[in-house]
Student: 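Before anything else, here's the structure in question.
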Amino acid sequence: MLPVQLCVAALLVVCITHWIYRWRNPKCNGILPPGSMGLPLVGESLQLLVPSNSFDLPPFLKTRLHRYGPIFRTSVAGRAVVVSADPEFNHFIFQQQGRLVESWYLDLFAKLFKQAENRADGAYVHKYVRNLILSHFGVESLKETLLSPLEATVRETISTWSNQESVEVKDAVSAMAFDFATREIYSSDAENFSQNLREKFTCLSRGLLSFPLNIPGTTYNKCLKNRKAALDLLSMLVKKRRASPDQMHKKVDVLDHVLQDMTSEKFLTEDFIVQLMFGLSFVSFETVSGAATMLINLLGNNPLVLEELTAEHEGILKKRENPNSSITWEEYKSMTFTLHVINETLRLGSVSPGLLRRARKDIEFNGYTIPKGWAIMLLSSAVQMNPEIYKDPLSFNPWRWKDLEPSVISKNYMPFGSGIKQCAGSEYTKLFLATFIHVLVTKHRWIKIRGGNVTRNPMLQLKNGLCIKILGKND
Ligand code: HEM
């Protein structure tokens, strides 16, 4: 070999060795939490994707929490991440939103959600969006306008299910939740392409946690295409509504609301509104349908819980003058055991293992430093499985909620997050699930046809879904 080639080869070896060393020992102005960065580029992504068949934490997290303690470092999908199952640290990070940390989203949603945060008026925009959603899906709206149509939709939909040979629960509840929520978001405009839009969103949700490799054929690539198609449809819808502002809707929906605010709120551009419609449509059905499916599955496997739940709802009917009248807000508020069942379902069956943030500055905690730019995963699922708080944490036991103090719950139960970014749809979700249960146990019963086995990879799902046959109450 010529001396020049030798020199180039030697330089290459030095550079690669240095790069590998840097990968394994990332720069930090202090001590990094314990852990390993795995293989160059891939990190520990492959280990994270090893599936497990239980409600328990994914094996990837369990082994590392056992080995390193409640805070450790790793690298997933090409990104440096600190993972925390420490309730004190998680609480601290939730309080630091917008100061030491910002939200961090998967690339698929980054543009959508980061639009607001990257602006100088980010806090103002966040507050506007939050208030907008709360004014349509918050307690007042639920009580005054949504409860009755929600119950009517659930009754009608479950009744059509009872005419079918079988129902794939996740798909069927997704369709119902999507159609109901999008009626509140963009009314009847959506009806023309509701199914088309719903299909795009459903495909998108299937690849949420896919590896961000954008080449034809990958799940990520398909997700990006579906996202674009959904955004194009929504863009058409917004343009159409803007072009005919005189066509007033009987009830102001979310789209009317933002279009009316365009003159006073300069940040409300057409692109922003399309992104907002996209994000809201997605969160309003995907999460609820996952929770409802898990709920039916858990009830099917726990007959004593179903018995007590049915008794609570039949008790409500007995107190009514007309058993067929609609649920009142007071009746909803009296569903104590139902709320315990919902809490327990979300504790055990939360789809995502945790919430993501990114360090805006170096963060010091308990002698460790989390470098600026690193992602932080707050493991709400690990906190919700803590055996010191939730005895026998893998068992589905709604009765445990009778004895849990609110102060303990606030730090150890966070399916809806915490702090200023706490879920704006939590009350809607609880009402949706309670109404769903009410109709299901007072008017129907069901038998499982197939499916229902849980799997984590690392999102919690039902392997092969859950397929049921809906029957009348006395069939
Ligand atoms: C089972 C149902 C649901 C679960 C488990 C859930 C969970 C969450 C969580 C954990 C967060 C906080 C994210 C973070 O801190 O990074 C969040 C935020 C949010 N959720 Fe939900 N969610 C559910 C249903 C819904 C629904 C039905 C809607 C809309 C109607 C909704 C709208 C939102 C919004 C707008 C935010 C952002 C709030 C903010 O930044 O101020 N969610 N959700």
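We count ligands from 1, going down the list as the structure has it; atoms in each ligand are counted the same way.
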Student: May I ask you to list the atoms of ligand 1 that are less than 4.0 angstrom from any heavy atom of T429?
Tutor: 1 (C), 2 (C), 23 (C), 24 (C), 25 (C), 27 (C)
Student: Take every heavy atom of H126, measure it against each atom of ligand 1, and state whether any distance is under 4.0 Å.
Tutor: yes
Student: Consider ligand 1: state whether an atom of it lies below 4.0 angstrom from any non-hydrogen atom of M414.
Tutor: no
Student: If you measure every N or O of S103 against every N or O of ligand 1, does any of those distances drop under 3.5 Å?
Tutor: no
Student: With a 4.5 Å heavy-atom cut-off, do L339 and W401 have their side chains touching?
Tutor: no
Student: If I apply the N/O under 3.5 Å rule, does Y428 come out as touching ligand 1?
Tutor: no
Student: So which of V288, V283, N131, I420 gets nearest to atom 32 (C) of ligand 1, if we judge by its closest heavy atom?
Tutor: V283
Student: If you count the atoms of ligand 1 from 1 in the order shown, which ones are under 4.0 Å from a heavy atom of I133?
Tutor: 35 (C)
Student: Below 4.0 Å from ligand 1: does a non-hydrogen atom of Q422 turn up there or not?
Tutor: yes
Student: Going by the closest heavy atom to atom 20 (N) of ligand 1, which one wins out of A291, S426, C423, G279?
Tutor: C423
Student: Verify, without hydrogens or angle tests, whether S395 (side chain) and N397 (backbone) share a donor-acceptor contact under 3.5 angstrom.
Tutor: no
Student: Should R357 be counted as touching ligand 1, given the test is an N or O pair under 3.5 Å?
Tutor: yes
Student: Under a 4.5 Å cut-off applied to non-hydrogen side-chain atoms, are Y428 and H136 in contact?
Tutor: no
Student: Ring centres under 6.0 Å, that's the criterion: do F180 and F285 meet it?
Tutor: no
Student: Show the numbers, then the answer: is there a side-chain hydrogen bond (donor to acceptor under 3.5 Å, both in side chains) between T435 and E151?
Tutor: CA-CA 6 Å; T435 310; E151 192 194 2; over 6 Å; no
Student: Are F201 and F278 an aromatic pair by the rule of ring centers under 6.0 Å?
Tutor: yes
Student: Nearest heavy atom to atom 24 (C) of ligand 1 wins, so pick from L355, T287, L433.
Tutor: T287
Student: Keeping the roles fixed (side chain from N297, backbone from T293), state whether a donor-acceptor pair exists under 3.5 Å.
Tutor: no
Student: Are the side chain of R347 and the backbone N or O of Q384 linked by a donor-acceptor pair below 3.5 Å?
Tutor: yes
